[in-house]
Amino acid sequence: MAIDWQKAAEAYQTEILADLKTLLKINSERDVAHASDDSPTGPGPSKALEAFLAIATRDGFDTLDLDHVVGRIALGSGDEIFGLFGHVDVVPAGTGWVTDPYTPTLRDGKLYARGVADDKGPSIAAYYALKLLRDAGVPLHKRIHFIIDTDEETNWTGLHRYFKDQPIPDLGFSPDGQFPVLNAEKGISSIIVTFKSVPDRPATLRLEHFQAGSAMNVVPQYAEAVISGALPQDLQAQLTAYCTAHHVTATLTGAKEKVTIRLTGKAAHVKEPADGLNAGTYLAAFLAPFAFDAQGAQYLQTIARYFHQDTRGHHLKIAYRDDVMGELTQSPDLFSYEPGGAQTVLTNLRYPKGVTIEALRKQIVTTLGPERVSARIRDNKDPHYVGLDDPLVKTLLDVYTAHTGKPGYGLTYGGGTLARSIPRGVAYGPKMPEDEEVVHQANEYMRVSDLIQATAIYADALYRLTK
C-alpha cells in the first residue's frame, strides 16, 4: 500500500493541534494530597487521562480506563501485541515561564506549554498515527495497544496497575525519547542520604533551614537557607560576588541576626544534570566556608565537597563507564535540613550496565563515612538494552532514514521511558538529534512541524511493524 505519510499527517494538523491544546490546558502534575478513588495520583492526571480517552472514544476507538490511573486505546487484530507507551502526567511547571504553562501558546511555529514535548505532544502524534492508519483502511496483523499512564514521572503507578491483569505487549516503543532510536536506557535509582547527629560546638552561625528541589528527576532551580547568628557585615557583598562568578542569582532578606538566602540556578532533566545549575549545591557551596554549628556544617560541607559540580560521581567514588551505555551520572535533586529534624539529600543516579545499585549505595556510605551518614535505595529500575540487530530496532531505523534522509544509529538514554517495561521495548522520537533539550524546563515547546513529522514517522513505523 503506497501512502505519502507526510502528506497524510499534514491533513490532520488542525485536529492534532486542537486535541493537543485540550490536553495541555489540564494541569496534570502529580497531586497525591488531593488523591481519591477517582484520581489515584491527583485530580489533574486523571482528568487528562479522561480527556485523552474521550478523544479516542469520539473517534470510534475501543478504549479502556483502569481505575482512572491508566488507559488503553486498541486497534488491529492478531496473535501478537504491539505496545505504544505514553503518559499524560507532567513535572511541576515551576517558574521562569514567559507564558502561562497551562495556556498553550503558538509563536513562530512553536507551541509552548508544560507537557507539550513530554509527553502530551508525542502521545497525540502517536494517537493520530493510529487514526491515520485506521482511516486509511490499512490492515494491521498485530493488535496495537496504546497504554497511557498518569504517573510516569514518578512511580509508574498506572503501568504497574495495567500489568496486574492486562496482556503484556510482545514488543513496542514509547514516543517519549529521541530519534533515531533509544535502544539503551541506563539504570535509574534514587538514593536518600540521611545525616547522623554529631556533638554540638560553639559556633558563630547556625543553620536554621535548608531546602531545595521540586522533584527527584529535576535539577533544582531554587534553593533556600535560613541562617542566624553573628552574620558577616559584608555577607551581601560576598553573595553578590559569588553569584557573579558562578552565573547564578540570589536574594538576601531578613533582620541583622537572621536572614534568608534564596538562590536561583537552572533546572534541567537529570538524564544530563550538567545541563543545569544545581541551586542546592551552589547555595551549600557558598555557605560551607562559614563557621556554622556542627550539624549545619556537616550538612553544608558534605554537599559542597562531595556533590557540588560533580555530575559523574568522582567525589563520591562511584564514577563508572560502560563502552555501550557510557557514563554514570548523579544529580542531588531534593535537599531538606531542619535542626532536630530531617537532614537528607536525595541523589538521582543514572547508571550503565556492569554495576549494581547496591554496590553504588555501599560506596556512597563508605565515602561519606558510616559514622556520619546512612543511605537507602528509594527506588530502582535496572539498565535496559535492546540490540541493534533486533528486527524492531532495524525497522525503526529504516523508517527514520526514509523520512529524514539521515543514517540511523542507536542511542543511550539517561532518562527512563515506559518502553523499558518490556524486554523488546525502545523509545522512538520525537526529539531530533539537532534539537535543543526543553523537557522539564521552563518554556517547554514543540515545533508544529516536528509534531506532524513525528505523526508521519510513527504511522509508517506502525504500518511496517504490523503488516
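All values below come from the heavy atoms of this structure, side chains included, with hydrogens, waters and symmetry mates left out. All residue numbers refer to positions in the sequence shown, counting from 1.
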| field | Between Gln166 and Arg72: side-chain donor-acceptor atoms closer than 3.5 Å | value |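 Yes, a side-chain donor-acceptor pair sits under 3.5 Å.
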| message | Counting C-beta onward and ignoring hydrogens, is there a side-chain heavy-atom pair between Gln309 and Thr281 closer than 4.5 Å? | response |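 No, their side chains stay 4.5 Å or more apart.
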| request: Report yes if some heavy atom in the side chain of Tyr282 is under 4.5 Å from a heavy atom in the side chain of His308; otherwise report no. | output: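 Yes, close enough: below the 4.5 Å cut-off.
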Using modelled atom types only, decide if a donor and an acceptor are shared between the side chain of [X] and the backbone of [Y] within a distance under 3.5 Å.
| X | Y | value |
| --- | --- | --- |
| Ser331 | Asp333 | no |
| Thr412 | Glu185 | no |
| Asp149 | Phe85 | no |
| Asn27 | Glu29 | yes |
| Glu444 | Gly115 | yes |
| Thr404 | Tyr400 | yes |

| request: Check whether the ring centres of Trp5 and Tyr463 lie less than 6.0 Å apart, and answer yes or no. | output: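 Ring centroids of Trp5 and Tyr463 are less than 6.0 Å from each other.
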| request: Identify whether NZ of Lys or CZ of Arg in Lys186 sits under 6.0 Å from the centre of the six-membered ring of Tyr351 and within 45° of that ring's axis. | output: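 No - Lys186 does not lie over the ring of Tyr351 by the 6.0 Å and 45° rule.
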| Any idea which heavy atoms bring Thr63 and Ala56 closest together, and the distance? |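 Between these two residues, the closest heavy atoms are CG2-CB, 3.6 Å.
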